[in-house]
Amino acid sequence: MSQSAQQQNQHRAARGSKGSLWRTMLRHKMLYVLMLPGILFYVVFKYIPMYGVLIAFQDYSVARGVWGSQWIGLQQFVTFFYKTPDAWKLIRNTFLLNIYDLLFHFPAPILLALLLNELRNVLFKRFVQTVSYMPYFLSTVVIVGMAVNFLSLNSGIVNHLLDWLGLDRIMFLSQPEWFRTIYIGTEVWQKLGWGTILYLAAIAGIDPTLYEAARIDGANRFQQVRHITLVGMIPVIVILFILNLGNMMEIGYQKIILLYNPMIYETADVINTFVYRRGVLGADFSFATAVGLFQSAIGLVLVIAANRIARKVSDTSLW
Amino acid sequence: MKVSLSSRVFDTVNVLLMLALTAVTLYPIVYVAVASISNPGLVASGEVNLVPRGLTWIAYERVLELPQLWTSYWNTIRYTAVQTGLTLLITAMMAYPLAKHWLPGRRLILLLAAFTLLFNGGLIPTFLVVQQLGMINTIWAIVLPTLVNTWYLFVMRTFFEALPADLEDAATIDGCGSLGVLLRIVLPLSMPVMMTVGLFTAVQQWNSFFDALIFLNERAMYPLQILLRGIVIKDAASDTYVADSGTFLVTIKYAVIMVATLPILCVYPFIQKYFVQGSMIGGIKG
């Protein structure tokens with residue numbers, strides 16, 4: 001009998017008594033020792049910060065720590081919702097940016113995967129894939145740097161093009177109405193190709209006899225795409241949609257910090273960039289934590305709700 | 001097989017669409033490369049589009065002269081190497097016991113790890129922990145807070161679970177301890193997953209700027225991406241990095257993007273398959 005099978009049996013036998021469970025653990029203490037650094041990481045950098053969220057309900061002072069600081073209940077939240085003139089703007093910007101992201105950025109890789117799958121020449125398909133994955137490996141700083149310089153009023157190629165077409169030059173980076181387009185546009189440019197990988201994997205997993213059967217039944221190519229390929233992708237689409245909703249509130253603030261300036265806060269400032277300015281730059285820790293907690297709470301509710309709905313209407317869900 | 005007209009029209013349109021997509025994807029990258037070796041005046045006035053004009057290496061000469069560039073480059077290499085090594089080691093050490101179905105406490109640890117995907121303390125509490133540990137302005141502020149990625153942990157665990165148990169058993173009977181089994185038997189069999197996780201971690205660290213932005217405030221510690229931000233995005237700051245650059249500034253920006261990105265673009269064709277594999281293992285539910 002192999003040893004792991006032996007161990008399994010021992011474990012099964014051990015269920016009855018606490019003593020032998022303890023013995024199993026003791027016998028494999030090296031395995032726990034191996035996990036120790038990783039567990040320590042989770043405690044220090046994941047769970048202690050969760051405990052640190054308590055300062056959202058305090059008037060936190062670094063000198064006094066979480067134990068000694070004064071508790072003030074929900075006052076930080078009240079300050080945010082009632083006494084921060086920008087609160088509504090931040091919430092609106094966060095939601096709008098993410099809704100645009102879901103509308104334009106989320107479906108794009110699905111469409112591209114379908115089109116790639118219809119390419120008949122395998123070499124050409126591989127070439128398009130290789131090229132389209134590339135921008136994913138560029139850093140956010142490089143992407144924003146390219147955008148900023150291409151859109152520059154006097155030396156950027158975009159404005160040179162507008163000039164050449166006889167149109168007026170546009171100050172893209174200091175006009176609030178352009179921010180969302182630039183943000184979503186660069187996002188799609190960078191992540192469109194990479195986003196197709198999971199969908200292409202799902203398509204590759206579709207049983208080829210389904211297509212044969214459909215052809216025999218007289219389904220044309222477009223009907224096959226709609227009723228077989230697209231249907232085969234639905235589980236992956238659902239999972240990615242839920243994950244997207246979960247990260248929805250977080251997404252993109254690091255890029256926004258690089259891209260925005262006070263002139264376009266009207267559309268560009270989101271909850272997390274505000275948290276960064278007030279917390280990290282302004283050292284207003286309790287207030288910034290409270291605002292951040294409000295956002296995490298919405299994210300959590302969204303992902304739970306999306307998961308529940310997904311479980312009801314389809315067979316797929318995250319848990 | 002008879003191919004209908006509409007089907008053929010679609011094929012043609014599809015190929016044209018894909019060609020357009022390729023062009024749109026490549027053009028910005030090609031333009032950066034072309035502009036970086038062109039005459040700065042011609043670039044600024046929009047006379048450079050697809051082929052270099054007034055070929056000159058002046059921008060690269062200026063960039064390579066910057067003492068700050070080499071400090072930053074070295075810092076980025078340092079941070080990337082240390083992070084990748086530690087991440088692989090610590091993640092494997094944690095994933096290996098978690099792959100043993102019979103291990104008491106395994107479920108609890110997995111649940112606690114998975115929960116961090118749904119909820120976390122957020123920016124400020126994490127920032128305060130790093131600050132109170134005295135890690136500000138050290139390499140540890142960059143490496144430790146992102147040491148274990150829960151997705152990679154699950155990917156590795158899934159991979160280890162699929163390894164045949166017989167080899168491990170043989171090694172154990174021969175007197176190998178758990179660490180020995182992991183290092184001598186499991187890891188050599190797990191090169192694909194280690195390669196994937198290692199490459200993902202390395203690229204992520206090479207490209208990251210935000211942790212450096214909030215945890216480092218000494219120039220000597222800055223990684224490449226922070227320098228890049230200073231030169232390419234913050235116009236005002238570029239003067240402090242590139243003194244009296246004048247008209248060169250526009251091409252210096254493109255040159256410094258090339259210098260910072262070249263390593264990734266060079267290895268990209270070779271490592272692409274690992275990334276694609278990894279992205280797919282990661283997609284399967286952990």
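Quick caveat: nothing in here was measured; it's all calculated off a predicted structure. Order of the sequence lines sets the chain letters (A, B, ...), proteins ahead of strands, with each chain counted from 1.
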K.L.:
Answer with side chain, backbone, both or neither: which region of B/Val181 has an atom nearer than 4.5 Å to a non-hydrogen atom of chain A?
P.N.:
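Interface part for B/Val181: neither.
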K.L.:
So do A/Gln224 and A/Arg215 actually touch side chain to side chain, heavy atoms under 4.5 Å?
P.N.:
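Sidechains of A/Gln224 and A/Arg215: in contact.
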K.L.:
Can you tell me which portion of B/Leu144 sits under 4.5 Å from chain A's heavy atoms? Options are side chain, backbone, both or neither.
P.N.:
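Interface part for B/Leu144: both.
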K.L.:
Please examine the side chains of B/Leu228 and B/Val256, heavy atoms only from C-beta on, and report whether any two atoms are closer than 4.5 Å.
P.N.:
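Side chain of B/Val256 against side chain of B/Leu228, heavy atoms only: contact under 4.5 Å found.
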K.L.:
Counting only heavy atoms closer than 4.5 Å, note whether A/Leu281 contacts chain B via side chain, backbone, both or neither.
P.N.:
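When you check distances to chain B, no heavy atom of A/Leu281 falls under 4.5 Å.
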K.L.:
Check whether B/Thr150 gets within reach of chain A through its side chain, its backbone, both or neither, counting any heavy atom under 4.5 Å.
P.N.:
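Both parts, backbone and side chain.
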K.L.:
Which one wins on heavy-atom pair count under 4.5 Å against chain A: B/Thr146, B/Ile214, B/Leu112?
P.N.:
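With the most close heavy-atom pairs to chain A, the winner is B/Leu112.
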K.L.:
Side chain, backbone, both or neither: which part of B/Val129 has an atom under 4.5 Å from a heavy atom of chain A?
P.N.:
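Contact with chain A is through the side chain of B/Val129 alone.
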K.L.:
When heavy-atom pairs shorter than 4.5 Å are enumerated against chain B, which of A/Asn154, A/Val144, A/Thr130 gives the highest number?
P.N.:
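The answer is A/Thr130.
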K.L.:
Heavy atoms only, distances under 4.5 angstrom: which of A/Tyr136, A/Tyr60, A/Tyr51 has the most pairs with chain B? Name it, please.
P.N.:
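The candidate making the most pairs under 4.5 Å is A/Tyr60.
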K.L.:
Below 4.5 Å from any heavy atom of chain A, which atoms of B/Gln204 appear? Answer side chain, backbone, both or neither.
P.N.:
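For B/Gln204, there is no contact with chain A at all, as no heavy atom is under 4.5 Å.
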K.L.:
By a 4.5 Å heavy-atom criterion (distance strictly below it), what part of B/Ala113 contacts chain A: side chain, backbone, both, or neither?
P.N.:
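When you check distances to chain A, atoms from both the backbone and side chain of B/Ala113 fall under 4.5 Å.
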K.L.:
Where does A/Leu259 contact chain B at under 4.5 Å (heavy atoms): side chain, backbone, both or neither?
P.N.:
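No part of it gets close to chain B.
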K.L.:
If you count heavy-atom pairs under 4.5 Å with chain A, which of B/Ser45, B/Ser208, B/Ser6 comes out on top?
P.N.:
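The candidate making the most pairs under 4.5 Å is B/Ser45.
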K.L.:
Quick one: does A/Arg169's side chain have a donor or acceptor within less than 3.5 Å of a partner on A/Leu153's backbone?
P.N.:
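At least one qualifying donor-acceptor pair exists.
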K.L.:
For A/Phe41, is it the side chain, the backbone, both or neither that has a heavy atom under 4.5 Å from a heavy atom of chain B?
P.N.:
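For A/Phe41, side-chain heavy atoms alone lie under 4.5 Å from chain B.
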K.L.:
Mark yes or no for whether A/Gln190, through its side chain, and A/Leu138, through its backbone, hold a donor-acceptor pair below 3.5 Å.
P.N.:
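Yes.
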K.L.:
Does any heavy atom of chain B fall under 4.5 Å from the side chain of A/Val44, the backbone, both, or neither of them?
P.N.:
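Backbone plus side chain of A/Val44, per the 4.5 Å heavy-atom cut-off to chain B.
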K.L.:
Tell me, please, which residues at least two apart from A/Phe222 pass ring-ring contact (aromatic ring centres under 6.0 Å, His included).
P.N.:
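Expected list: B/Phe10.
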K.L.:
Name the member of A/Ala56, A/Gly145, A/Gly65, A/Ala147 that forms the most heavy-atom pairs with chain B at distances under 4.5 Å.
P.N.:
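Among the listed options, the one with the most contacts to chain B is A/Gly145.
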K.L.:
Once rounded to the nearest 0.5 Å, what's the spacing between atom CG of A/Leu258 and atom OH of A/Tyr253?
P.N.:
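So the CG of A/Leu258 and the OH of A/Tyr253 are separated by 11.5 Å.
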K.L.:
Quick check for you: among B/Ala114, B/Gly122, B/Pro28, which has the greatest number of heavy-atom pairs under 4.5 Å with chain A?
P.N.:
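It is B/Pro28.
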K.L.:
Can a salt bridge be assigned to the pair B/Asp11 and A/Arg221 using a cut-off of 4.0 Å between side-chain N and carboxylate O?
P.N.:
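A/Arg221 and B/Asp11: salt-bridged.
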K.L.:
Side chains of A/Ser155 and A/Ser152: is there a donor and an acceptor less than 3.5 Å apart?
P.N.:
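A pair is found: one side chain offers a donor N or O, the other an acceptor, under 3.5 Å apart.
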K.L.:
Chain B heavy atoms under 4.5 Å from A/Tyr42: which part of the residue, side chain, backbone, both or neither?
P.N.:
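For A/Tyr42, the side chain is the part near chain B, not the backbone.
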K.L.:
Scan residues 14-33 of chain B for pairs that pass side-chain hydrogen bond (donor to acceptor under 3.5 Å, both in side chains), counting only residues two or more places apart or in two chains.
P.N.:
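Qualifying pairs: none.
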K.L.:
Could you measure the distance from the OG atom of B/Ser36 to the CE atom of B/Met258? Nearest 0.5 Å is fine.
P.N.:
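Between atom OG of B/Ser36 and atom CE of B/Met258 there are 5.5 Å.
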K.L.:
Highest number of heavy-atom pairs under 4.5 Å with chain B: which of A/Thr289, A/Leu115, A/Thr140?
P.N.:
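Among A/Thr289, A/Leu115, A/Thr140, the one with the most close pairs to chain B is A/Leu115.
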K.L.:
Heavy-atom cut-off 4.5 Å, strictly under: side chain, backbone, both or neither for B/Leu89 against chain A?
P.N.:
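Contact with chain A involves no heavy atom of B/Leu89 at all.
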K.L.:
Given that the side chain runs from C-beta out, which part of B/Phe209 has a heavy atom under 4.5 Å from chain A: side chain, backbone, both or neither?
P.N.:
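Looking at B/Phe209, just its side chain touches chain A.
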K.L.:
What residue, out of A/Glu118, A/Lys46, A/Met134, A/Met146, has the most heavy-atom pairs lying under 4.5 Å from chain B?
P.N.:
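With the most close heavy-atom pairs to chain B, the winner is A/Met134.
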K.L.:
Which bit of B/Val203 is near chain A, if near means a heavy-atom gap under 4.5 Å: side chain, backbone, both or neither?
P.N.:
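The side chain, not the backbone.
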K.L.:
To the nearest 0.5 angstrom, please state how far the CD1 atom of A/Ile256 sits from the CG atom of A/Asn272.
P.N.:
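Those atoms lie 8.5 Å apart.
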K.L.:
Measure B/Leu128 against the heavy atoms of chain A and call it side chain, backbone, both or neither at under 4.5 Å.
P.N.:
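For B/Leu128, the contact with chain A is made by the side chain alone.
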K.L.:
Select one option (side chain, backbone, both, neither) describing which atoms of B/Leu118 are under 4.5 Å from chain A's heavy atoms.
P.N.:
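The answer is both parts of B/Leu118.
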K.L.:
Between chain B and each of A/Leu300, A/Ile157, A/Val142, count heavy-atom pairs under 4.5 Å; write down the option with the most.
P.N.:
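That would be A/Ile157.
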K.L.:
Can you say whether A/Val280 sits under 4.5 Å from chain B via the side chain, the backbone, both, or neither, judging by heavy atoms?
P.N.:
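Both parts, heavy atoms under 4.5 Å.
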K.L.:
Would a distance-only check, ignoring hydrogens and angles, find a side-chain to backbone donor-acceptor pair under 3.5 Å from B/Arg106 to B/Leu98?
P.N.:
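Checking the backbone N and O of B/Leu98 against the side chain of B/Arg106, a donor-acceptor pair under 3.5 Å is found.
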K.L.:
Taking the ring centre of each residue, are B/Phe210 and A/Tyr276 less than 6.0 Å apart?
P.N.:
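Aromatic pair counts; centres sit under 6.0 Å.
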K.L.:
Side chains of B/Glu168 and B/Tyr96: any donor to acceptor distance under 3.5 Å?
P.N.:
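Side chains of B/Tyr96 and B/Glu168: pair found under 3.5 Å.
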K.L.:
So, taking the atom named CE in B/Met18 and the one named CD in A/Gln129, what distance separates them when rounded to the nearest 0.5 Å?
P.N.:
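If I round to the nearest 0.5 Å, the distance is 10.5 Å.
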